[in-house]
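Accompanying notes for the structure given below.
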Amino acid sequence: MKIKTTLYSLFILLLLTSGYAQKKTVAKADVNYDRYAYVDAIVNYEKVAAKGYQDEKMFQKLGNAYYFKAELPQASKWYEQLFTLYPNQEAEYYYRYSQTLKSTGDYKKSDQMLEQFNLKSGNDKRGILFKENKNYLEEIKANSGRFQVVDAGVNSAFSDYGSSFLGDKLVFASARDTGGVSKKVFKWTNKSFTNLYASEMKPDGEMGIPERFVRTINSKFNESTPIFTQDGKTMYFTRNNYLEGKRGRDSSKNTLLKLYKATLNKEGEWSNVAELPFNSNEYSVAHPALSQDEKTLYFASDMPGTLGQSDLFRVKINQDGTYGTPENLGPEINTEGRETFPFVSEENELFFASDGRPGLGGLDIFVARKEVDDSFYGIQNVGEPINSNQDDFAFLINKKRNGFFTSNREGGKGYDDIYRFVEYKKLICDQMLSGLITDQETKEIVSNAKMSLFDSNFKPLQVAQTDAQGRYSFAVDCGKTYYVRAEKEDYQTKEGSVRSKSFSGSKDYSMELERRIKPITVGTDLAKTLDIPMIYFDLDKSYIRKDASYELAKVLTVMQQYPAMKIEVRSHTDSRQTAAYNEKLSDRRAKATVAWLVKNGINSARLIGKGYGESQLVNPCSDGVKCSEEEHQANRRSEFIIVSMQ
């Protein structure tokens with residue numbers, strides 16, 4: 001017995017020691033996670049997970065660590081564990097899981113997760129966009145097949161991304177190991193920091209051997225995503241918070257990203273490196289792009305006022321070299337997800353990467369068209385093969401419609417790779433706005449109605465008439481908001497707003513017009529014709545409320561105008577209570593209504609009052625069926641049916 005007790009004690013001690021060791025390893029991983037050292041965090045989390053340790057927070061962070069490193073298939077594995085063991089998660093995890101499922105090709109389950117995300121997230125634009133574009137894969141398919149894509153010829157076994165044109169050179173960021181005694185490592189990825197490199201673009205399409213960009217720009221931290229003015233004398237670029245040998249940190253001791261500017265001096269050297277005035281130690285500003293007139297700088301940031309994880313902003317560049325106040329591009333472009341890597345083409349197209357819009361997975365590249373008032377419209381996914389089920393970003397294109405982009409798709413040489421493309425067919429969007437105009441009461445078609453189209457600022461655009469079949473149509477731009485007005489003699493003018501689809505096709509916007517003078521005949525329900533509210537009795541009561549007298553006066557006026565008219569007052573209830581109770585209640589209500597009309601001068605011979613109880617429900621809300629208060633209310637109604645006009 002003593003031996004058994006000793007063995008049992010040793011077993012318990014081993015369990016406690018093992019549990020303590022696991023928790024210690026998780027705590028160490030948590031520290032790395034909070035410092036964005038995701039690679040180190042993953043190693044420790046997976047070590048204890050392999051021993052069977054299960055913890056909701058750990059699975060969340062494991063999935064997140066891979067997700068933030070853009071290793072989506074691995075993130076999917078741990079999010080699956082999370083949802084299997086702990087299915088009730090915050091909305092954001094449904095969205096991240098859906099994104100990672102796309103990376104494995106499981107679009108069906110991804111859409112199911114997006115459905116759940118939409119239910120949990122409320123008014124999140126990512127959910128709204130999915131709800132409004134459930135056929136997004138068809139749209140992407142329609143936009144696909146317009147590019148020829150090949151390896152750019154500058155890639156290494158490391159991360160290469162974020163290219164830009166500088167004359168006949170391609171300048172890009174690379175984490176390739178250039179040797180040296182000490183190797184600086186970026187904790188986020190455990191890979192070398194990136195520097196800028198340049199490669200000659202030869203006339204035959206071949207690329208020269210990449211060489212390090214100038215020493216005055218490259219530092220011991222990350223440099224990336226340069227952009228150059230057309231004269232080649234000014235550049236903007238992204239770097240970690242580091243200038244003149246000083247490293248800046250935020251309040252959590254993290255070194256974030258900033259935008260810097262440099263100029264080419266008379267000796268042909270890049271100098272005067274300075275950070276832009278709207279940078280901050282407390283948020284990141286990155287990935288610059290210039291408008292064609294070079295008077296506006298676009299960039300990505302998570303600065304205050306950001307709608308999502310990162311948004312696109314723009315700022316005016318004044319003639320004296322100063323800058324205006326950064327302006328968020330707003331919900332037309334930005335979502336609660338990541339919008340990043342902007343680029344403005346010579347045709348005033350804004351290309352950008354986003355994981356907040358329906359796409360193939362990870363970051364997809366989208367394009368929007370720029371209006372004269374600097375607003376954007378017609379946002380479209382550029383389709384395959386530019387986009388894949390992984391991250392695709394940093395798109396740039398020249399006037400010959402060829403260019404470069406970055407992706408971490410399968411088949412590449414390194415973590416991120418740069419691809420070269422030729423666009424041999426432009427993305428064209430033809431959208432038609434059309435509809436049917438009918439009579440609200442009779443449902444008959446309304447021909448020769450005047451139809452007017454206005455833009456979002458009510459500027460008149462087009463005028464048409466409905467044809468003999470009651471139809472109209474307007475050719476419109478994709479992804480814009482319009483106002484449509486319908487006018488016809490003897491009808492109330494009706495107006496409404498509609499947003500055209502963002503891909504080629506048609507959008508239906510039909511209207512029902514209400515007559516100014518409504519025809520009445522035998523069988524007409526005066527309650528509908530006169531827009532009398534369905535309810536003017538309190539629940540379970542049969543006396544007429546004071547506020548109902550105004551509505552009943554409408555019926556009184558019509559009966560006075562038509563002295564020979566006879567009507568049947570029909571009262572209905574919902575199904576709550578017994579059928580017998582409801583029949584008696586509705587009958588009392590009908591008789592109370594008749595009594596009110598008689599009291600106000602209508603001969604009782606012209607009135608019939610009858611209660612129908614719950615026998616004529618207008619929806620499925622019968623006994624035992626769970627319904628909302630609004631659904632029950634629809635059944636509690638009064639009708640005034642004309643039974644005779646003579």
Side-chain angles (χ1 to χ4, degrees), residues 145-179 192 194-218 223-238 262-265 267-270 287-290 292 294 341 343-347 349 351 365 382 384-388 392-409 411-426:
R146 302 177 298 105
F147 298 88
Q148 181 183 7
V149 172
V150 296
D151 183 279
V154 298
N155 294 307
S156 67
F158 300 89
S159 183
D160 303 283
Y161 73 97
S163 52
S164 178
F165 298 122
L166 176 58
D168 63 351
K169 289 183 172 59
L170 184 74
V171 184
F172 60 95
S174 178
R176 62 191 67 194
D177 186 7
T178 57
S192 298
T194 59
N195 281 162
L196 297 184
Y197 286 75
S199 174
E200 181 185 359
M201 297 182 291
K202 299 179 180 180
D204 61 0
E206 293 297 312
M207 301 295 293
I209 297 174
E211 297 180 353
R212 269 197 181 226
F213 203 59
V214 295
R215 185 181 297 273
T216 52
I217 299 300
N218 286 325
E223 280 81 33
S224 67
T225 53
I227 187 73
F228 300 88
T229 54
Q230 295 168 28
D231 63 8
K233 294 181 179 180
T234 303
M235 72 176 292
Y236 298 90
F237 64 99
T238 307
T263 55
L264 197 66
N265 62 26
E267 289 74 35
E269 298 174 340
W270 289 102
H287 314 317
L290 282 167
Q292 283 303 302
E294 299 183 347
F341 292 97
F343 175 80
V344 181
S345 74
E346 294 183 43
E347 298 185 16
E349 303 157 302
F351 291 90
I365 295 168
V382 301
E384 296 179 298
I386 296 293
N387 287 323
S388 68
D392 308 288
F393 55 97
F395 182 99
L396 73 155
I397 189 170
N398 61 21
K399 60 183 177 181
K400 294 181 179 180
R401 305 304 288 182
N402 54 58
F404 298 84
F405 73 99
T406 304
S407 178
N408 64 350
R409 64 188 60 190
K413 291 184 178 180
Y415 185 71
D416 293 313
D417 290 293
I418 299 172
Y419 294 85
R420 186 174 64 201
F421 68 83
V422 175
E423 183 187 44
Y424 54 85
K425 180 183 177 183
K426 288 193 67 174

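Source: prediction; values computed, not measured.
- Looking at residues two or more places apart in sequence or on another chain, you find a side-chain hydrogen bond (donor to acceptor under 3.5 Å, both in side chains) between N398 and N402.
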Please list, one pair per line, the donor and acceptor atoms closer than 3.5 Å that link side chains of residues 201-211 to other protein atoms, with sequence neighbours excluded.
residue: D204; atom: OD1; partner: E206; partner atom: N; Å: 3.0

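- S164 meets the side-chain hydrogen bond (donor to acceptor under 3.5 Å, both in side chains) test with no other residue; sequence neighbours excluded.
- For L396, the side chain to side chain contact (heavy atoms under 4.5 Å, CB included) test picks out S163, F165, F343, F404, with sequence neighbours left out.
- When all heavy atoms of L264 and G232 are compared, the closest pair comes out as CD2-O, 3.7 Å.
- Rounding to the nearest 0.5 Å gives a distance of 12.5 Å between CD of E294 and CZ of F228.
- Every residue two or more places apart in sequence or in another chain that forms a side chain to side chain contact (heavy atoms under 4.5 Å, CB included) with A173 is listed here: Y161, T194, L196, S224.
- The distance from the CD1 atom of I386 to the CZ atom of F147 is 4.5 Å, given to the nearest 0.5 Å.
- What you find for R212 and N195 is that their closest heavy atoms are NH1-OD1, 2.7 Å.
- Between the CG atom in N408 and the CZ atom in F393 there is a gap of 6.5 Å [rounded to 0.5 Å].
- Annotation: the span from F213 atom CZ to S174 atom OG amounts to 14.5 Å, rounded to 0.5 Å.
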Exercise for review: List the steps, then state whether side chain to side chain contact (heavy atoms under 4.5 Å, CB included) holds for I217 with M235.
Suggested key: CA-CA 10 Å; I217 299 300; M235 72 176 292; 4.0 Å; yes

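- For the atom pair S199 OG and L166 CG, the distance stands at 12.0 Å (nearest 0.5 Å).
- Taking OG1 from T229 and CG from L290, the interatomic distance works out to 7.5 Å, rounded to the nearest 0.5 Å.
- By the side chain to side chain contact (heavy atoms under 4.5 Å, CB included) test, K399 pairs with E346, sequence neighbours left out.
- For T216, the side chain to side chain contact (heavy atoms under 4.5 Å, CB included) test picks out V214, W270, with sequence neighbours left out.
- Closest non-hydrogen pair, P226 versus G162, comes out as CD-O, 3.6 Å.
- Counting only residues at least two apart or in different chains, salt bridge (Lys or Arg N to Asp or Glu O under 4.0 Å) contacts with residues 159-174 comprise D160-R176.
- By the ring-ring contact (aromatic ring centres under 6.0 Å, His included) test, Y419 pairs with F405, sequence neighbours left out.
- Under the rule for a side-chain hydrogen bond (donor to acceptor under 3.5 Å, both in side chains), the partners of E347 that lie at least two apart in sequence or sit in another chain are K426.
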Q: Would you sort out whether F351 and V382 count as a side chain to side chain contact (heavy atoms under 4.5 Å, CB included), showing the intermediate values?
A: CA-CA 9 Å; F351 291 90; V382 301; 4.2 Å; yes

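- At most 12 heavy atoms of other shown residues, nucleotides or ligands fall within 6.0 angstrom of atom CD in Q148.
- The salt bridge (Lys or Arg N to Asp or Glu O under 4.0 Å) pairs that include a residue from residues 411-424 are R146-E423, R401-E423, where partners are two or more places apart or lie in different chains.
- Remark: side-chain polar atoms of T238 are paired, donor with acceptor, to backbone N or O of H287 under 3.5 angstrom.
- Of the possible donor and acceptor atoms, none in the side chain of N387 sits under 3.5 Å from a partner among the backbone N and O of D392.
- Judged as a side-chain hydrogen bond (donor to acceptor under 3.5 Å, both in side chains), and not counting sequence neighbours, the contacts of N155 are D151.
- Put simply, the side chain of V154 does not reach to within 4.5 Å of the side chain of Y197, judged on heavy atoms.
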